[in-house]
Protein chains: 6
Amino acid sequence: MKSIVTFGELLLSLSSPGHSRLVQAEDFTARYTGAETNTAVLLSQFGVQAHVVSKVPTHEIGQACINTLRRFGVHTEHIVRGGDRLGLLFMEHGASQRPTKVIYDRDPSSFRQIRPDECDWDSIFAGKDWFHFSGIVPALGNDVLDTLTIGIASAKRHGLKISCDCNYRGKLWSRELAGQVLTPLIEQVDVLICGKDDPTRIFGTQPEQEITDQAGFERMADTARKRFNLESIAMTFRDPISASRNGYSAILCHGGNAFRSRRYEIQIVDRVGTGDAFAGGLLFGLVSGFEPQRTIDFAVATACLKHSIPGDFNLISREEVEQLLAGDASGHVQR
Amino acid sequence: MKSIVTFGELLLSLSSPGHSRLVQAEDFTARYTGAETNTAVLLSQFGVQAHVVSKVPTHEIGQACINTLRRFGVHTEHIVRGGDRLGLLFMEHGASQRPTKVIYDRDPSSFRQIRPDECDWDSIFAGKDWFHFSGIVPALGNDVLDTLTIGIASAKRHGLKISCDCNYRGKLWSRELAGQVLTPLIEQVDVLICGKDDPTRIFGTQPEQEITDQAGFERMADTARKRFNLESIAMTFRDPISASRNGYSAILCHGGNAFRSRRYEIQIVDRVGTGDAFAGGLLFGLVSGFEPQRTIDFAVATACLKHSIPGDFNLISREEVEQLLAGDASGHVQR
Amino acid sequence: MKSIVTFGELLLSLSSPGHSRLVQAEDFTARYTGAETNTAVLLSQFGVQAHVVSKVPTHEIGQACINTLRRFGVHTEHIVRGGDRLGLLFMEHGASQRPTKVIYDRDPSSFRQIRPDECDWDSIFAGKDWFHFSGIVPALGNDVLDTLTIGIASAKRHGLKISCDCNYRGKLWSRELAGQVLTPLIEQVDVLICGKDDPTRIFGTQPEQEITDQAGFERMADTARKRFNLESIAMTFRDPISASRNGYSAILCHGGNAFRSRRYEIQIVDRVGTGDAFAGGLLFGLVSGFEPQRTIDFAVATACLKHSIPGDFNLISREEVEQLLAGDASGHVQR
Amino acid sequence: MKSIVTFGELLLSLSSPGHSRLVQAEDFTARYTGAETNTAVLLSQFGVQAHVVSKVPTHEIGQACINTLRRFGVHTEHIVRGGDRLGLLFMEHGASQRPTKVIYDRDPSSFRQIRPDECDWDSIFAGKDWFHFSGIVPALGNDVLDTLTIGIASAKRHGLKISCDCNYRGKLWSRELAGQVLTPLIEQVDVLICGKDDPTRIFGTQPEQEITDQAGFERMADTARKRFNLESIAMTFRDPISASRNGYSAILCHGGNAFRSRRYEIQIVDRVGTGDAFAGGLLFGLVSGFEPQRTIDFAVATACLKHSIPGDFNLISREEVEQLLAGDASGHVQR
Amino acid sequence: MKSIVTFGELLLSLSSPGHSRLVQAEDFTARYTGAETNTAVLLSQFGVQAHVVSKVPTHEIGQACINTLRRFGVHTEHIVRGGDRLGLLFMEHGASQRPTKVIYDRDPSSFRQIRPDECDWDSIFAGKDWFHFSGIVPALGNDVLDTLTIGIASAKRHGLKISCDCNYRGKLWSRELAGQVLTPLIEQVDVLICGKDDPTRIFGTQPEQEITDQAGFERMADTARKRFNLESIAMTFRDPISASRNGYSAILCHGGNAFRSRRYEIQIVDRVGTGDAFAGGLLFGLVSGFEPQRTIDFAVATACLKHSIPGDFNLISREEVEQLLAGDASGHVQR
Amino acid sequence: MKSIVTFGELLLSLSSPGHSRLVQAEDFTARYTGAETNTAVLLSQFGVQAHVVSKVPTHEIGQACINTLRRFGVHTEHIVRGGDRLGLLFMEHGASQRPTKVIYDRDPSSFRQIRPDECDWDSIFAGKDWFHFSGIVPALGNDVLDTLTIGIASAKRHGLKISCDCNYRGKLWSRELAGQVLTPLIEQVDVLICGKDDPTRIFGTQPEQEITDQAGFERMADTARKRFNLESIAMTFRDPISASRNGYSAILCHGGNAFRSRRYEIQIVDRVGTGDAFAGGLLFGLVSGFEPQRTIDFAVATACLKHSIPGDFNLISREEVEQLLAGDASGHVQR
């Protein structure tokens, strides 16, 4: 069994029911989430041994967070307990022309108070295969950044592959700062996941010529791949028809070639966590040694299915992804 | 801050959950509603001082109704307390080919028992800018009609602009009676809101020639505008693809010109109250002194967003309407 | 008033709420269901006297099942009480590219333990007009099959029309076994309902030439009609765009002619039970003496409306079907 | 199987969840109720054939009311359909020192609009054993009173026993009017159920001496029994420790003797409908030919159990009452 | 109409449903609360004009908090908008031997970031009658303490009566620090509310002799009254039989005399907010000019009723308190 | 950290909400349970390493069961996957005089289909401290009994302490059969837990003289202890005042001495699982090396707290038990 380690913040997500607005809510649905952890939960459903490194308070809300991860098979023994509070977010689900809205209340969180000496990276990484983090992590303060930096060095020493999902959050930092902080980190990763505008807007990668078609994005992705000396770079394309309907596809650039997935047109149940699901599907393909075409197809089918599941976790099995890849997108009742 | 006064019945709306039918309901979602009040609630979200004039019972259900209006910032001090009961409606939400259904249980209500001497219109209107009512009001009996008539005269004396939303309800009266009763009232209003068939079917305004395109509706609207000596007339167009999907647009005829909005294709969460939302968006544009084109665009964007919100109130901010007008109809997650 | 008798298993359906997955469920929505019973419930809404013959345990869960049928007007006095347990199914509702999934837990059920001497078919059928069962029944064991066989003979003696809905369930038996067991039964029925692939896959009816259009299906249906000496055969066509959207239409072959319905494009609320709804609409047309074209139109409109109603029962009235047939598929609010 | 006919109004009960107040409610629990109907539902659980005579509207809410009665085995074919609306009540459940509160919204109801010619009493009563109504019925208007009066005469002609539960409601009429209207009706009944203060306060039965103990109530009950020429009179005693805890007992005066039940101390889940449950238990004993002591014991145990069940219906079996009578009041888990 | 101003923090309370534990919660009930605000809400139900001074964020959660206060009639125009976040608390309701548990997550809150210049106390207090705060306020940091100190001085200048509810919270500060900070504030108030141990434990008021009966507490309360030069001091006595049942009573020392309330034995629905309810009942008596005995009786009956209502707000009317005072603690159904 | 292994069936528990009856349920609360597993979950909360050995189906319901155990920290890697179905039970919660009722639907379950070769007991027990099972296990068929018998032998070889909770279920087998099958098993255990009537009714242990006081039970327990050569025997005493209120205490006989706990009077939230909680508290005391008096006190306090928690799991911490033991049974709010 392959094993992966993720590092990132854990949050309590409080969402108003159905499509109601936050000002209408008398009850909040409580879920525990985190970009990297969502990826870890999915990989656990796929049969990968997934370890989460994070920090949560000692009280019952921190415990409830850990319990949720354990429920879905994630290994939680490297989660540090302590600090003041679990970061929070309030969320309402949009529909049609109304966008989904998120209000963060994440500072000061236990995770931001993590200290490098609280993570024994060398013992965490011993015998593991892969290390994954997202671009949110280094935005959460110097203690977090220091801990990550030490972790990346340790992972390299232990021979793990390393991946990063850009995951730019405008509410956390500017594009300039993000580019500046992320660049030295990404130079050490093997696999980068980003959106189609990230190379230009965050890393300043200028396309050689104006991008007018998908081939242009492929060229730009490959430029970024070379610049950061990456093994692979994956880029996702979302076609936001409305808050209720999206087109979705992706490419994987690997070894100088670009592999395109099919495009799904999706009726959205819950769009949150679909990027983390893409990362999970991609890492599963890579860690399992799939061919690049099969890898990107698998990643996109995985992300596609997430859109149909309420909550941030992508609770699907590998068999369900394979079934969609085999062509059954019809939603026939299985009986 | 601009101020508006609305006059109309308040009702308790009891709806079966989700898409379930009334005969399946073990619980009803309880909401308080009323065409004019829905408009007032929206205007209050936009920062307008909104006053509701109505009558509800003294008991806890009447109080709960008032509390709901206060919750969303509406001024309730001119709501008369007394009478026998709050009018009711039972509702189930349709989907696909099944229409939304409403069962009214509104007679005898406290509002129908209102007496002209219970509303001190002159003190209510002092210092206010706008008076709004709908075509439902005069259908609710002679006491209500008398009270409205005296109110309109007082509003005119105090220099308020007056608007009426036709809102024809076949379950309350015939088209003939509606036309007969509404005509002298509308002759006193400044702004009329109606559906595309109302001029012909209620007021007997015959189009000069068969209407084959939108320009024909614009000519007919302008004919009605002249006939009633209106400042403006707004007409909405709903393209009912199914109970789950609608096209929606409108025109505003003002000063001899017709201004057309864009057309939105909408995935429906809750269609009830969208007409009241249109009225609210329109009145906000007019009371704020927007240009006619911006006014009708604002009104249609306001109504469009209402379709995505459960309940009869359009709980959106002016900023959210402006964002949609600025072109972001994609439903991107905001974070 | 016309009367119908159905025979089939009753099950407790436990579904996870909304679009959530079974592994997410903390609560299950409890419903009682059964293919033939769903048809009976619908016919009862249409004003037909509907009797269910089945067997359920004596305990409270068996009683709750009977209570549910009584609630919707079905006659339950011929339901045998006894045996060990009520069959169960767990269900989650799919969306977009994720299919709806059903897990059966139906063995050993009270119904499978029914003995032929527990059903006094002659007294049950006295004065009744129609007998209906589905292809699920003979898959449930020899006791059930014996009871059905005796029932069919009795129904024939009493001059009832007999109908069968193929309803092939791959989780219960192989296509070969199904074809073998069903053939002698269907030779005795008057009306057969099946999907477009059933004649070939279950009964081995080879189309004369490759089917490339609907006319081909009509020829194959007529071949099956002749082979089994049926009065009518109805065939449904589902176009599975996704788990959220389907096209739906059907044909009725009767007296050598094929009658085609219109095709509805449907936004799905709950797809389960739509086949049973089609059967109910069809039987209503036949038992009411509708013309073939009106019969198939009525059946398809009935099934179309079912897709908008949560749960396995099609809780609609004849008037609502007629309204859809009259062309109002727009979902206008009725008020 | 014994059979009973009840006559009374049916209402929609809308209650706020748990112990919340009406002004807090965002949802109402919807139940259908009626004093006499609650008794009929209970008798149906006990295996008595129970028929309800009433009038409800033709729309879906009227149908939902009928469906609820059918669900619990009550015969509804004598319920007239028509009239304007179903009477309503809003309810909140008290606790500790806060009383349960009911707001009625019952006028004008379909039942109040019943006309004597709408009930074919002679065919309704043919072959039946018992007729039951409550003192609420004659308070609901002259049409209702006329219909009841004709019904009583018909019941007498057909040899049914007749019972009346006083059920005085101060919100409907004064004690004086109640006494005046009820007296000629009660003179025709065989069994009267009342609270300990009803003889004095409604019928003006003065106790011979001040009542200082239960024997005094027994003497007064017997006086009332003689005055109205009753076969039996039952009187209930509630000791209202708080809204959460009550003592409960009763007496039955029959043939000059008084039979006392034991007293239960009850932790209250839902107190509403307990009087109707007492009536049901009493009528079951009488119609089954129980001895007087067993009859009153059975009635009180039946009412005791109702306090533990949410909703107005007493959904218990005869076996459960017998088990409590046999001494198992301990609430041991049964497994 | 009398008017009151309260000053204190507003919090979002997230509680697990029913008696479930926080680690079991999949949903949280969302309520907005605050010790002083709970008192203001109650006074508003009693017809007092209640103004809340506080600070909440500009986002939707801050708005939802304000909406909740408006819903129940509180004046919110003096609530400052801004700062980072609304303080939070997580709560689970205990039962029997298991205590209710609260986890605070209140730092850094918008209220703690309030600056003295954000409250225009002089204009707030103009024409008002009473100022109320609790001992929680000065524990929330220097900015809050400064703002309060300036407020007290302003209230004194405008001739308002001032009251303080001790409300010691061990999770916020030590008893020593509390005593030190509170002493100079309480020297300026007119009315002090405290628990029976507060004089000794916080203010170091040593009883002259060991307290063995209620008279001892009365003497100690009077000592405290004199020391702080108070007009009145009220002291509450809770007899914690279990988390489900409490005894409750209080005394009021005024003008050298002690007035004792009756003691209620209470079945608890929700114990949170009962102290704030006592304060509200007491202030209502004082501001209304009740006699001391009636004041303390009214306050205790008010607090008693709160125990039966879910949530932190005491949503009762003055009539309901009077009814309990008049002796009806029986919880009879009102109909 | 100490470690324990439990062996027993896992079931899906479906309960009607609140105090509603099964025939009222439209939704079931879904929980996963099992006598021995409930004990394991509690021990995990106390910090013991708890392993469950059982068998559940491979489908999603089996997975959901495992997920629930993982959520609360139980080790599930020794749970065999396979077999036909998860056993079920339907439950309604009683109140006052109405008992809690359980309907089992547990045959044929995956656990009953377990084969001895599916449990590698030797590797399971390596390095573990304790083995626990209940008297339900051997009632579930020969395969289960064989597996248990081999397990006990293995546990003895590996030097584990063994405990058994009698847990007699009359719906599974007769007392005679239970006694006959259990005797040879209990002869091999170290610790036995039973109710006060079990020694006589199951094992035929006749008290030397009629038991008139607790000392009599202590003598009988000691007799049983000697007969089975037990290290300790614990006996629980439940005083069933009503389904809402119980007295609860226990004794522990060890080394010829009897240790009595205090008696708690408990207001019941959920009584199910309290026996399993007692076992968990007892085993924790024994495995932690507590003195006998402290052990029985700890076990009874643990069981007492379970009564306040909904669901079958006792989700409390060791600190909370210690707090109750330290005398705080008052349910004071902790803040």
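Quick note on labels: first sequence line is chain A, next is B, and so on, each numbered from 1.
- Neither the backbone nor the side chain of F:Phe313 has a heavy atom closer than 4.5 Å to any heavy atom of chain E.
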Checklist entry - Are F:Leu42 and F:Leu283 close enough, and set up right, to give a side-chain contact (heavy atoms from CB on, under 4.5 Å), and what steps lead you there? => result CA-CA 10 Å; F:Leu42 171 58; F:Leu283 298 194; over 6 Å; no

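- Under 4.0 Å is where a charged nitrogen must lie from a carboxylate oxygen, and between F:Lys101 and F:Glu92 no such pair does.
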Anything under 3.5 Å between a donor and an acceptor, one on a side chain of residues 10-18 of chain E, the other on a protein residue two or more places apart or in another chain? List them.
residue	atom	partner	partner atom	Å
E:Ser16	OG	E:Ser20	O	2.8

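- Remark: F:Glu320 does not engage F:Lys306 in a salt bridge, criterion side-chain N to carboxylate O under 4.0 Å.
- Contacts with chain E were tallied for F:Ile309, F:Ile316, F:Leu305; F:Ile309 has the most, counting heavy-atom pairs under 4.5 Å.
- Looking at F:Ile268, there are no atoms closer than 4.5 Å to chain E (heavy atoms on both sides), in backbone or side chain.
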